[in-house]
Amino acid sequence: MSEPIIQIKNLHSRYGTREILKGINLDVYKDETLVILGRSGCGKSTLLRHIIGLQKQSQGDIFVKGVNMARASDAERDEVLKKSGMLFQGAALFNSMTVGDNVALPLVEHTPLEPSTIEIMTRMKLELVGLSGFESFMPAQLSGGMKKRAALARALAMDPDILFCDEPSAGLDPIVAAGIDYLILKLKRAFKMTIMVVTHELASVFLIADRIALLDDGQVIFLGTREDMKNSSNPKIIQFLQRQPDEEVVDRELYLNSLIGTKYL
Amino acid sequence: MNAFWDTFGGAGRGMIDFAVHLYRIVHLSFRSLYWIFIGPFKGERIRWRLTFVQMVRIGVNSLPIVGVISFCVGLIIAMQAAYQLERFGATIYVADLVGVSITRELGPLITAIIIAGRSGSAITAEIGTMKVSEEIDALKTMGLNPIGYLVVPRTLAMIVVVPCLTVLADLFGIAGGFVLAIYNLKLPFLAYFNETATAILLKDFITGLIKSGFFAIIIAQIGVYQGFSVQGGAEGVGKSTTASVVSSIFLIIFADLLFTTLFYSTF
Ligand SMILES: Nc1ncnc2c1ncn2[C@@H]1O[C@H](COP(=O)(O)OP(=O)(O)OP(=O)(O)O)[C@@H](O)[C@H]1O
Ligand SMILES: [Mg+2]
């Protein structure tokens, strides 16, 4: 494969004293779609925040297109960011602006285009996510899934080289969710984007992923293609694929302890 | 003994926290002033449209309240002055007292306090809400600097609008004095007018405006700083909004003390 476009080297991340990421090593190659799996709260969103430089790591380095995101100057980082799009888990639309203005903002700020051109491009991006006609709506007037799609349109506004999606299809009905999956496939094929997706939908995973990374306890415990994953004998992966819950705690005393703490014993 | 160290340690921690806050606010202020005054020469553009929107929000919408309150304060000062001066039959000097105290002190101070309560808090609430809903992060990931996009327009709008409102407050405050002088003290209009005109020196007026410019910077910077430091959800926004008003009023009074001392001893 080609050069890695994103390189993550021994990334450690902590909130206070709680270490969330414990030495992540991961390369993402140009034009590939990498899906990140992992249980809720294992640090998937945190990983994306580190890659785009929103959070400073306690240890390790991240390079995006060769730029060290934690050490680069604002100008260098902004250049990388202008050509990448991020869909936040909570959409993060600007609530004081209409949907159209949200999508148009990066174009207005970063390009010398005429307002009429920007308007057309905005409509095209909204059309792409199935929201044509909603330009003048305020984010508060949209449903959760519509917000997600509007945010995706905004992330695509600058025709990014790298797209980060944090659970693009969470909270969408199966038909729209499938639509988002096909949109990602289309983007990948037609625009040659490098895409990093966090998702829990196993169906999507097998549809869109070139490679899959599974996070567990702050580390990448599996990295490979769909076939590698299906053939894996790792119990954690089998548990994930077969959607099995954690094993019940059988030791009654331990369970009791975990409920009331140890101070009464 | 433990209690002693607890109190001692608590006080120490409080001092350190205060110093850290102060350092960050000063740092933020320097960064914003750099963006405003030096940025344009280094290729950063100032967003005039956003600045204009903020000017309307802070300025135009505050006109009535600033006008009414300064008029009332002018009236109050005039009555208090008349109460003293009547004993000497020198009620004409109400003009001097009202004119000088309004332009030098009360006009700038009242305007700043009203704007801190009205617009400083609104800035904190708006930016705090944006922080909580990850909008600030979204701005950054678009390669837009929150200083240039959010802080500069608000600071610039404050620096323009607060001195303008102060001029208005001066006029309305003096008008309050006029009303008492003419309807209650029965002083002739022209005499009171001339007395006011000779009493207020240009420097009184100018020092008042200089102060109000600095108050404007304080209100904007505290408002923005408190907004950015919101933690948690809606409750965090509420806390920071309160802190924003309290700390900007405190700093305004403190800055006022410094400036007044300076102007009093040098001019
Ligand atoms: N601002 C914060 N302060 C303290 N801890 C945090 C903060 N944000 C996240 N965490 C912690 O970091 C861990 C990872 O959070 P993160 O949002 O990255 O999880 P996630 O893998 O994206 O989960 P999900 O699939 O539910 O979105 C969580 O255990 C959470 O408690
Ligand atoms: Mg997440």
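Letters go in sequence order (proteins before strands), and every chain restarts at 1. For the numbers below, each heavy atom of this structure counts, side chains included, while hydrogens, waters and symmetry mates do not.
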| message | Counting only heavy atoms not in B:Phe71 (residues, nucleotides, ligands), do more than 12 fall under 6.0 Å from its CZ? | response |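 More than 12 heavy atoms, drawn from other residues, nucleotides or ligands, come within 6.0 Å of this atom.
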| request: Please indicate whether B:Ile65 has more than 12 foreign heavy atoms, meaning atoms of other residues, nucleotides or ligands, lying under 6.0 Å from its CD1. | output: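 Open: at most 12 neighbouring heavy atoms sit under 6.0 Å from CD1 of B:Ile65.
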| request: Sequence neighbours left out, what passes salt bridge (Lys or Arg N to Asp or Glu O under 4.0 Å) with A:Glu127? Give chain and number order. | output: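 For A:Glu127 there are no salt bridge (Lys or Arg N to Asp or Glu O under 4.0 Å) partners, ignoring immediate neighbours.
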| Among all residues two or more places apart in sequence or in another chain, which pass the salt bridge (Lys or Arg N to Asp or Glu O under 4.0 Å) test with A:Lys186? |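 Residues passing salt bridge (Lys or Arg N to Asp or Glu O under 4.0 Å) with A:Lys186: none at all.
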| query | Quick one: what part of B:Ile136 sits under 4.5 Å from any heavy atom of chain A, side chain, backbone, both or neither? | reply |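 Interface part for B:Ile136: neither.
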Give each N or O donor-acceptor pair spanning chain A and chain B at a distance under 3.5 Å, with atom names and distance to 0.1 Å, or state none.
unit_1   : atom_1 : unit_2   : atom_2 : d
A:Arg49  : NH1    : B:Glu134 : OE2    : 3.4
A:Arg49  : NH1    : B:Asp137 : OD2    : 3.0
A:Arg49  : NH2    : B:Asp137 : OD2    : 3.2
A:Asn95  : N      : B:Glu135 : OE1    : 3.4
A:Asn95  : N      : B:Glu135 : OE2    : 3.4
A:Asn95  : ND2    : B:Glu135 : OE2    : 2.9
A:Glu109 : OE1    : B:Arg45  : NH2    : 2.8
A:Glu109 : OE1    : B:Arg47  : NE     : 3.0
A:Glu109 : OE1    : B:Arg47  : NH2    : 2.7
A:Glu109 : OE2    : B:Arg47  : NE     : 3.3
A:His110 : NE2    : B:Met142 : O      : 2.6

| query | Closest heavy-atom contact between B:Ala138 and A:Ala92? | reply |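 Shortest heavy-atom separation between B:Ala138 and A:Ala92 comes out as CB-O, 3.7 Å.
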| Part of A:Met97 lying under 4.5 Å from any heavy atom of chain B |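 Only the side chain of A:Met97 comes within 4.5 Å of chain B.
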| query | Heavy-atom distance under 4.5 Å to chain B: side chain of A:Leu93, backbone, both or neither? | reply |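 Only the backbone of A:Leu93 comes within 4.5 Å of chain B.
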| query | Just how far is it from atom CG of A:Leu107 to atom CE of B:Met142, taken to the nearest 0.5 Å? | reply |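 Reported value, rounded in 0.5 Å steps: 9.5 Å.
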| message | Going by the rule side chain to side chain donor-acceptor pair (under 3.5 Å), which residues pair with A:Asn25 if we only count those two or more places apart in sequence or in a different chain? | response |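 Once residues adjacent in sequence are excluded, A:Asn25 has no partner under the side chain to side chain donor-acceptor pair (under 3.5 Å) criterion.
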